[in-house]
K.L.:
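Can you keep this structure in mind? I'll have questions shortly.
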Amino acid sequence: MPGGGANCGAEDGRPAAPPRVKVLLPLPLHGALDYGLPDGLAMPEPGRFVRVTLGSRRLAGVVWDGDPGAGIPAERLKPLREILPTPPLRPELRRFIDRVAAYTLAPSGAVLRMAMSVEEALLLPPPRRVCAATPAGLAALAESGTGKKLTAARRRLLATLHDGGAASLAEAARRAGCGAAVVRGLIAAGYAEERMLPGEPPAPPAIVWQADGPTLSPDQQQAAHRLLERTGTAGFSVTVLDGVTGSGKTETYFAAIAAALDAGRQVLVLLPEIALGAQWLERFRRRFGAEPAQWHSDITPAARRDTWRAVASGHARIVVGARSALFLPFPELGLIVVDEEHDPSYKQDDGVAYQARDMAVLRASLARIPIVLVSATPSLETVVNIARGRYERVHLPRRHAEAALPEIKLIDMRRERAEAGRFLSAPLVEAAAQTLAAGEQVLLFLNRRGYAPLTLCRACGHRMQCPSCTAWLVEHRFTGRLQCHHCGHAEKVPALCPGCLASGSLVPCGPGVERLREEVAARFPAARTALMVSDLLPGPRAAAELAEAMVAHRYDVLIGTQIVAKGHHFPMLTLVGVVDADLGLTGGDLRAGERTYQMLHQVAGRAGRAERPGRVLIQTYMPEQPVMQALAAGDRDGFLEAEASARRAAGLPPFGRLAALIVSAADPDSADFAARALARAAPQLPGVWVFGPAPAPLAILRGRHRRRFLVKAERGVNVQAVLRDWLGRVRIGGAARLQVDIDPYSFV
Ligand code: ADP
Ligand code: ZN
Ligand code: ZN
């Protein structure tokens, strides 16, 4: 009976259809798939981890909520293979995954992958084979005092299995000081047997968190009091801890963490670029007397697996991590802290494009728990949410222990002009000389890795460009290579110009930190200089060591990119020089001004954190820019108000909505073809504007040609619904790929 309903199978003689189970797989699929429940397996609850097959692959997935569809005919339904004993994904995390997928328009399976994030086989550690004494063996051991029946080796073996418990064959042999053959003989004699034990290691001993921190200043006490009131009560709330650098924000939110741990809840702290948070970790250790669990891209797969499990089982009480830690399966999460909440690295641009700070607020609201956003320069989004009454602000107005905020001065580079091939102006050089003479430290900030951002032929003007991106190659002297910072392409600096074959004609243009160091060495030969750049620091350990060496005053001048701006506390650092303050202001980025303000403010905050007062000199060709004026005047709130009114007038976030569509293909024609198909179906709705398609500023990336659309909508518009409808009406050909970015931070 072709086309017959699957449900009437039993009546026409076929076996009854198995019950269906919805399973979401950690693959870029837009929904759960149906599987059949084989006889003998009890229907698993939503959230249970299960093993299924997809094509020829076996993989783990999660039983998902909702009614299974009737899409696949019952007889073609693949059976569920196994229900795994891993603790189930809790409802709030499943809802979080669905909501993140709906918000970002990413496939829910791709979001689930972030929540599983360990290779599926690792979800279930293989059982361990151990040997244990049998009753007969124990009886023999008890009788062995009479000197009968047991050899000395067998007696030792049974004794160690009796006293030390079951052990692997090798371990038992080692403990008893005999060969494996003796163990096998014991098993053959029926005195011991092999058993399988679950692979889960026993629970670690509970950590006793050291409760008492330093005595808080009256300001801090007041802030901590309000923070504890907010975070101590159950239920969702967002508190913004806003205070100048060095005011004791960390100390204050540590009090909230201590209270949450005390109440038996788990805590998640998000930090930007956690790999570089070594000083933070050290401070945490000192304050709480133990290490938090860590979660970031740099940890080994084994640590990743163990941490994931320790979080799921509740053994890990506090996790500090990068944005992806947000998807960990906490069963008892009681507090989330997002430190440096304004930091742009919370936005992920590829794969699932999400803003971790915003999604952290979502997670807290689904879990009905408090969240604290911490910053000296809160994002405009957060400031507007305070103004709208959604978030409460707790303020720390002063630096701790009377340390003064540094004095900030602008250096007008149109007048000062550094010499050719040099990048430090006379006033900055003079200030550095004074600082060094006083036995203090200098930080020079330049947000550019490498030696020079551009290599140019003096003879023919040829510029060294990446073969697969619309980007110049950046020279790195340490490695002797030209590198593309977008795709990782690297080549040796050629001996001859590829354009005109002239030799020795290629010259560096512009400064990178490596070149700046040369200038410092030439100007201050006696000064001990160090570079703090991510590509020269192999890992967090190296970053921590460099920071320690700075604190111990083994260096006089530190030269670095944005990683020097974050969280460091160098008591003898009294001069900060910003070499090129205008770098972040070019390009069509709507947050360019805001970001420049935040970054330079943060760098400036490194100066004069202890007794000695600090000063900051900012080299700029645009001293009249509002950002520069606000920095010099220390007028953060005035700057934010001006930014807010400009964005409100332009209908830009957070007063309007933006989404970016990026179409890419290996050849330009396919990219254009797909872009035109999208353009023809573009929505025409009130309050929605579609710009593009246009070649992206980074028109070629990793060999793919890119076209961009920008969708702007009024705040009340459900931009996701508009996009879902639009994209549902267009078929993007196989050669082209479409990436959706809701509320984009990157415009290249
Ligand atoms: P922020 O996080 O606002 O930049 P921190 O919490 O890092 O400020 O504090 C700045 C410095 O002052 C740190 O070295 C910190 O240990 C110290 N500090 C802050 N508050 C206190 C306090 N109440 N007692 C002792 N030291 C403090
Ligand atoms: Zn040339
Ligand atoms: Zn490239």
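Note that this is a predicted model, so its numbers are computed, not measured. All ligand and atom numbering here is 1-based and tracks the order in the structure. Along the sequence shown, residues are numbered consecutively beginning with 1. Because only heavy atoms are used, hydrogens play no part in the values below, and waters and symmetry mates are left out as well, while side chains stay in.
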K.L.:
Consider only side-chain N and O atoms of Glu440 and Thr574, and report whether a donor and an acceptor are under 3.5 Å apart.
P.N.:
yes
K.L.:
Distance-only, no hydrogens or angles: does the Thr252 side chain make a donor-acceptor pair with backbone N or O of Gly248 under 3.5 Å?
P.N.:
yes
K.L.:
Please determine whether His486 has a backbone or side-chain N, O or S atom lying under 2.8 Å from the Zn ion (ligand 3).
P.N.:
no
K.L.:
Please work out, at 4.0 Å between heavy atoms, whether the side chain, the backbone, both, or neither of Lys249 comes within that distance of ligand 1.
P.N.:
both
K.L.:
Specify the protein heavy atom at minimum distance from atom 12 (O) of ligand 1: its residue, its atom name, and the distance to 0.1 Å.
P.N.:
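Ranking protein heavy atoms by distance from atom 12 (O) of ligand 1, first comes His400 CD2, 3.9 Å.
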K.L.:
Would you compute the distance between atom OG of Ser297 and atom CZ of Arg323 and round it to the nearest 0.5 angstrom?
P.N.:
8.5 Å
K.L.:
Just by modelled atom types, is the Ala699 backbone N or O under 3.5 Å from a matching donor or acceptor in the Arg706 side chain?
P.N.:
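Looks like no, no N/O pair under 3.5 Å.
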K.L.:
Which class fits the ring pair Phe284 and Phe254: parallel under 30°, tilted 30 to 60°, perpendicular over 60°?
P.N.:
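Judged by the thresholds at 30° and 60°, the geometry between Phe284 and Phe254 is perpendicular.
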K.L.:
Can you check which of Gly243, Gly248, Pro214 brings a heavy atom nearest to atom 9 (O) of ligand 1?
P.N.:
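Nearest option to atom 9 (O) of ligand 1, by heavy atoms: Gly248.
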K.L.:
My understanding is that we take every heavy atom of each candidate and find the minimum distance to atom 5 (P) of ligand 1. Doing that for Gln221, Glu251, Arg287, Arg283, which one comes out nearest?
P.N.:
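Considering heavy atoms of Gln221, Glu251, Arg287, Arg283, the nearest to atom 5 (P) of ligand 1 sits in Arg283.
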K.L.:
Can you tell me, to 10 degrees, how wide the angle at the Zn ion (ligand 3) is between SG on Cys484 and SG on Cys487?
P.N.:
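Value returned, to the nearest 10°, is 110°.
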K.L.:
Is a salt bridge present between Arg477 and Glu514, judged by a nitrogen-to-oxygen distance below 4.0 Å?
P.N.:
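No.
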K.L.:
Checking a contact table here: which protein heavy atom is nearest atom 11 (C) of ligand 1, and how many Å away?
P.N.:
His569 CE1, 4.0 Å
K.L.:
Among Ser247, Gly605, Gly246, Ala376, whose heavy atom sits nearest atom 4 (O) of ligand 1?
P.N.:
Gly246
K.L.:
Give the minimum heavy-atom separation between Leu396 and Ala223, together with the two atoms involved.
P.N.:
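Heavy atoms of Leu396 and Ala223 come nearest at CD2-CB, 3.8 Å.
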K.L.:
May I ask you to identify the nearest protein heavy atom to atom 2 (O) of ligand 1, giving residue, atom name and distance to one decimal place in Å?
P.N.:
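Answer for atom 2 (O) of ligand 1: Thr250 OG1, 2.6 Å.
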K.L.:
Check Asp741 with Lys347, please: is the shortest side-chain N to carboxylate O separation under 4.0 Å?
P.N.:
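Looking at Asp741 together with Lys347, the answer is yes, because their closest N to O distance falls below 4.0 Å.
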K.L.:
What do we get for Arg399 next to ligand 1 when only non-hydrogen atoms under 4.0 Å count, side chain, backbone, both or neither?
P.N.:
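None of Arg399 does.
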K.L.:
Has His489 got an N/O/S atom less than 2.8 Å from the Zn ion (ligand 3)?
P.N.:
no
K.L.:
Between Thr215 and ligand 1, find which residue part has any heavy-atom pair under 4.0 Å and reply side chain, backbone, both or neither.
P.N.:
backbone
K.L.:
Give me the one residue out of Lys249, Arg226, Arg398 that meets salt bridge (Lys or Arg N to Asp or Glu O under 4.0 Å) with Asp219.
P.N.:
Arg398
K.L.:
Mind checking whether Tyr253 and Trp280 have parallel, tilted or perpendicular rings, split at 30° and 60°?
P.N.:
parallel
K.L.:
Should you measure from each heavy atom of Thr245, which atoms of ligand 1 turn up under 4.0 Å away?
P.N.:
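Reading through ligand 1 atom by atom, the close ones are 4 (O).
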K.L.:
Under a 4.0 Å threshold between the charged nitrogen and the carboxylate oxygen, would Glu407 count as salt-bridged to Arg615?
P.N.:
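So Arg615 does not pair with Glu407 through a salt bridge.
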K.L.:
Within the 4.0 Å heavy-atom shell around Leu216, which atoms of ligand 1 are there?
P.N.:
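Checking each atom against Leu216, I get 23 (N).
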K.L.:
With atoms numbered from 1 as shown, which atoms in ligand 1 lie under 4.0 angstrom from a non-hydrogen atom of Val244?
P.N.:
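Ligand 1 atoms under the 4.0 Å threshold to Val244: 3 (O).
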K.L.:
Is the NZ or CZ atom of Arg591 both under 6.0 Å from the centre of the six-membered ring of Tyr745 and within 45° of that ring's axis?
P.N.:
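Yes, a cation-pi geometry.
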K.L.:
Looking at atom 20 (N) of ligand 1, what's its closest protein heavy atom, distance included?
P.N.:
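Result for atom 20 (N) of ligand 1: Gln220 NE2, 2.9 Å.
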K.L.:
Which protein N, O or S atoms lie under 2.8 Å from the Zn ion (ligand 2)?
P.N.:
Cys457 SG, Cys460 SG, Cys497 SG, Cys500 SG
K.L.:
When you compare the side chains of Gln483 and Glu491, does any donor N or O come within less than 3.5 Å of an acceptor on the partner?
P.N.:
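No pair is found: no donor N or O on one side chain lies under 3.5 Å from an acceptor on the other.
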K.L.:
Taking the basic N atoms (NZ, or NE/NH1/NH2) and the acidic carboxylate oxygens, is any pair closer than 4.0 Å for Glu251 and Arg283?
P.N.:
yes
